[in-house]
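One structure is given below, encoded as structure tokens.
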Number of protein chains: 2
Amino acid sequence: MNTMRGARERARTEVTAAIKEEARKQLAAEGAAKLSLRAVARELGMASSALYRYFPSRDDLLTALITDAYDAVGETAESALAAASAGAGHLERWLAVCVAVRRWALDHPHEYGLIYGSPVPGYTAPQDTAQPAARVALVLISVARDAYGSRGLAKQRLPAGLRTDAERLAAEVAPDLPPETAMAFVAVWAQLFGLISFEVFGHFHRVVEERDAFFAHAAGELARTVGVLPEA
Amino acid sequence: MNTMRGARERARTEVTAAIKEEARKQLAAEGAAKLSLRAVARELGMASSALYRYFPSRDDLLTALITDAYDAVGETAESALAAASAGAGHLERWLAVCVAVRRWALDHPHEYGLIYGSPVPGYTAPQDTAQPAARVALVLISVARDAYGSRGLAKQRLPAGLRTDAERLAAEVAPDLPPETAMAFVAVWAQLFGLISFEVFGHFHRVVEERDAFFAHAAGELARTVGVLPEA
DNA sequence: GTCTATACACCGATAGAC
DNA sequence: GTCTATCGGTGTATAGAC
């Protein structure tokens with residue numbers, strides 16, 4: 001009885017994985033807005049109605065793909081940090097994470113676009129994508145936190161209107177950091193993905209050719225502005 | 001004869017404008033990937049086949065929308081600079097342009113997504129979008145150029161691998177600037193749109209509430225990193 | 001330049017047999 | 001859980017009359 005349920009559940013997980021894999025292929029070919037349960041079923045040799053046993057609606061499939069994408073890039077960032085940690089300096093660890101995230105984005109442009117590009121029209125993400133979505137940011141914050149212990153970022157000013165946001169942010173995510181630093185980090189976070197998005201979405205076409213070097217340079221400068229410095 | 005052609009051409013321009021306007025509405029409702037000549041025609045009370053006299057295919061309509069969007073945000077940037085120029089300092093002018101671009105993006109999120117979000121699957125932009133696409137960057141570069149004349153940006157290093165790109169860039173777009181500065185500017189350009197995209201695409205939800213102040217602060221810091229300083 | 005009509009394909013979702 | 005069949009739509013694109 002237990003083994004039977006085990007087998008059934010195993011089968012279910014396998015089919016679910018196959019559906020998502022095929023859906024990712026279609027994401028690349030047609031885009032998220034045109035993701036179609038019917039086409040997935042056709043390609044898998046199933047009846048379209050059978051898919052509804054796995055995903056109650058098209059949006060649920062989309063949610064699964066979005067969650068998976070956030071988890072994939074989040075895990076990429078976490079692994080990169082773990083791999084770099086052995087004796088590396090703060091800047092090296094920061095760069096290792098940034099480079100790994102960029103690499104993932106370039107290798108999975110459509111999944112990247114799904115999470116960091118234009119929102120899918122008519123789709124609103126449920127609350128449960130929030131946690132996976134935060135993983136990359138948390139990795140970068142942990143590097144920053146190590147980098148300057150609790151000393152914070154030197155001579156950084158914060159407009160009065162941002163104090164409330166900054167204090168809430170610090171409390172939520174990095175209680176040991178000064179609010180100014182937490183706020184500065186948010187800007188750097190967005191700017192980092194600006195660099196990646198411009199590259200993935202083709203805005204560096206005929207503008208920058210040596211993109212590896214360019215990204216490493218820019219990501220290093222970003223680290224500086226948030227107080228992650230070369231010295232270990 | 002001349003007046004007849006004039007009337008015809010006027011009618012043609014008006015219908016063309018109506019088609020694009022309706023298409024922009026659908027862009028907001030359904031997204032670029034689902035933009036449909038038929039739906040546009042239906043809403044306009046025309047036969048779908050009639051639209052083919054104005055746009056030979058769906059992609060041509062899309063190209064027109066993309067070009068228009070680049071031109072709209074480009075003109076926004078140019079106007080903001082013109083309005084701010086009267087006696088304003090360099091930083092004020094830089095901020096005026098950034099704030100205007102952000103404002104346009106927030107007011108036209110779908111048109112923004114069309115040009116700075118995920119590429120439309122199956123669509124490749126023709127060469128003639130390149131010039132409108134450059135307008136915002138050229139405005140920002142002109143502010144930067146004014147800001148430091150030909151002195152360039154102090155103590156800025158450039159990795160060896162980026163020298164070729166940097167020199168080509170400077171030659172193409174700002175011959176009076178040192179290559180290091182031109183290259184730094186590209187990074188700032190991408191980072192600025194990173195800030196805007198994160199806000200427009202909803203990544204600051206429950207992260208930053210005081211977004212006006214946040215953006216102004218971050219854009220000002222960006223100006224600093226590219227050598228645009230407060231003093232006029 | 002606009003219309004009707006048409007060819008041919010697609011979609012999400014559900015009902016009900018097995 | 002999978003199937004067939006079906007409802008009620010959607011789309012691009014063209015042909016040919018006016």
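Lettering follows sequence order; numbering is per chain, from 1.
For the pair B:L140 and B:L192, the minimum side-chain heavy-atom distance is below 4.5 Å.
Atom CD1 in B:I19 sits roughly 11 Å away from atom P in C:dG1 (whole-Å rounding). Rounding to whole angstrom units, CZ of residue A:F55 and P of C:dC11 are separated by 18 Å.
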Using a cut-off of 4.0 Å between protein heavy atoms and nucleotide atoms, how would you tag nucleotides 3-15 of chain D 5' to 3' with B, S and -? BB-B----SBBBB
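Test A:F201, A:W104, A:F193 against A:Y116 for ring pair (Phe, Tyr, Trp, His ring centres under 6.0 Å) and you get one pass: A:F193. Remark: of the listed residues A:R102, A:R103, A:R211, A:R102 is the sole one forming a salt bridge (Lys or Arg N to Asp or Glu O under 4.0 Å) with A:E199.
Ion pairing between A:R163 and A:E167 holds under the 4.0 Å rule for side-chain N and carboxylate O.
The two residues A:M183 and A:L162 make their nearest non-hydrogen contact at SD-O, 4.2 Å.
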